Protein chains: 2
Amino acid sequence: MNKKRQLLIDTALALFYKNGINCIGINEILKVSGVAKKTLYSHFESKEALILAALAQRHSIFIAWLNKALRGSDSDKEVITALFSALERWFTNSEPLLGNFRGCFFINSSAEFSDKSSDIARCCKNHKQEVRKMIAHYLTKENTPLLDVICIMMEGAITTAHITGEHQVTTKCIDALNNFDC
Amino acid sequence: MNKKRQLLIDTALALFYKNGINCIGINEILKVSGVAKKTLYSHFESKEALILAALAQRHSIFIAWLNKALRGSDSDKEVITALFSALERWFTNSEPLLGNFRGCFFINSSAEFSDKSSDIARCCKNHKQEVRKMIAHYLTKENTPLLDVICIMMEGAITTAHITGEHQVTTKCIDALNNFDC
DNA sequence: ACAAAAGGAGACAGATTTGTCTACAATTGC
DNA sequence: GCAATTGTAGACAAATCTGTCTCCTTTTGT
């Protein structure tokens, strides 16, 4: 049944994001989800397949969340404010869809899997490209330098918030980007 | 003897940085370094102690490298150029001291160890604070907003270069920061 | 030169990992 | 209702992990 499959993906995503992929074993996912091992391996060929499914799940959740956050912004300034306000809500655990903040799941996963030619690394790279496309879609003008800076500052804000724990990094980004002419 | 201890730290750092800490076992470090297991455990209480030593080693290498890169810059503009040029050399593997680029060792390690109260997480946070201090030291004026933006963009540049592999992110940072008034 | 310290090689214990397989129960389609 | 599918529970294999310990060799200080 597909319900078990989805339950496995949801459980895996939650545990992977919270603890790191390498720190969570299959058995832990089975215990928490209450699913049997045989069922897992009937749905997924290996742990890596489950990881990829969890990454895909996180990707679609994040993209949908981002799209909703940016919807309605019809000036570059509004896009910037909407984006970084949404990030701040994420950082302060006010976005239930994204779970308790522990950095970007894709940055974290990239850190755990060094092989750049692996499916996992490819998946993380792809996620960042899609995020960039989504932001570009909402910017009014074809303004590549601004898009570049927004994306770089977004990565910086996520990383800074994760490591140092200072959430007010987002207001610094908004202030800086409003002073940015191009 | 202290030579063995240093050899262990150097080998561990190289392997941890290249492959991720959780992917490298003690035995691999012993095999590569040629040191015996008993010697390792006479110098370090546990694997975690070796990890912390590797982090400390990386920290001092990085801080020294950064200090050298920024030395002589006596305007904010020069600091910015020196910083991001140095980063670009790191990204393109032109800085032998830092090894083959695979993101920031501290960001990566933070991703692998979720417990924020662990020594490892504390060590990573501390590293970022020291880097910030070093940059602040070279900025001519007491200009906190500029310092903030530089640090955020630095994190963003490192992360972006690591995941997407685009090294020219640094020139985008330099251009953006030169357009930044405060 | 010689005793003491340090290191090498690796067996071993105990825990944990992924993945397979067996035996049985629940659910489902017809 | 009954066969077929799907799921559960968990033993098990094989590999790998950290950390301890033994036996032996090399290095070092005096």
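Note that these values count all heavy atoms, side chains included, but never hydrogens, waters or copies made by symmetry. In the text below, chain A, chain B and the rest are named by the order of the sequence lines, each starting its count at 1. Fair warning: this is a prediction, and the values are worked out from it, not measured in the lab.
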Quiz prompt | Value in whole Å for how far the C1' atom of D/dT16 lies from CD1 of B/Ile24 | solution = 13 Å
Quiz item: Nearest nucleotide by nearest heavy atom, which residue falls closer to the 5' end of DNA chain D, B/Ser46 or B/Lys38?
Solution: B/Ser46
Quiz item: Within this structure, what is the CG-to-C1' distance between B/Asn27 and C/dA9, rounded to whole angstrom?
Solution: 12 Å
Quiz item: Between C/dG19, D/dA9, D/dT18, which nucleotide gets closest to the side-chain atoms of A/Ala36?
Solution: D/dA9
Quiz item: Is a side-chain donor-acceptor pair under 3.5 Å present for B/Asn67 with B/Tyr138?
Solution: yes
Quiz item: Hey, does the side chain of A/Lys4 come within less than 4.0 Å of D/dG7's phosphate (OP1/OP2), counting only N and O?
Solution: no
Quiz item: Roughly how many Å is it from CZ in B/Phe44 to P in C/dA6, rounded to a whole number?
Solution: 15 Å
Self-check item: Salt bridge flag under 4.0 Å for residues A/Glu166 and A/Lys172
Solution: yes
Practice problem: In whole angstrom, give the distance that lies between atom CD1 of B/Ile51 and atom P of D/dC17. | Solution: 14 Å
Quiz prompt | Base C/dG19 to side chain A/Lys37, donor-acceptor N/O within 3.5 Å cut-off | solution = yes
Quiz item: Rounded to whole angstroms, how far apart are CG on A/Leu40 and P on C/dT20?
Solution: 11 Å
Exercise. State whether B/Lys68 and B/Glu95 are salt-bridged, where the test is any N-O pair (Lys NZ or Arg NE/NH1/NH2 against Asp/Glu carboxylate O) under 4.0 Å.
Key: no
Practice problem: Calculate the interatomic distance between B/Glu45 atom CD and D/dT20 atom P; express it in whole Å. | Solution: 9 Å
Quiz prompt | side chain to side chain contact (heavy atoms under 4.5 Å, CB included), paired with B/Ile152, selected from A/Thr159, A/Val169, A/Ile152 | solution = A/Val169
Quiz item: A/His43 NE2 to D/dT6 P: how many Å, rounded?
Solution: 9 Å
Practice problem: Indicate yes or no: does A/Asp119 engage A/Arg122 in a salt bridge with an N to O separation below 4.0 Å. | Solution: yes
Quiz item: How close or far is atom P of C/dA6 from atom CG of B/Leu7, stated in whole angstroms?
Solution: 17 Å
Quiz item: If you check every side-chain atom of B/Thr39, which of C/dT20, C/dG7, D/dG7 has the closest atom?
Solution: C/dG7
Self-check item: Nearest listed nucleotide, side chain of B/Ser42, among C/dG7, D/dT18, C/dC21
Solution: C/dG7
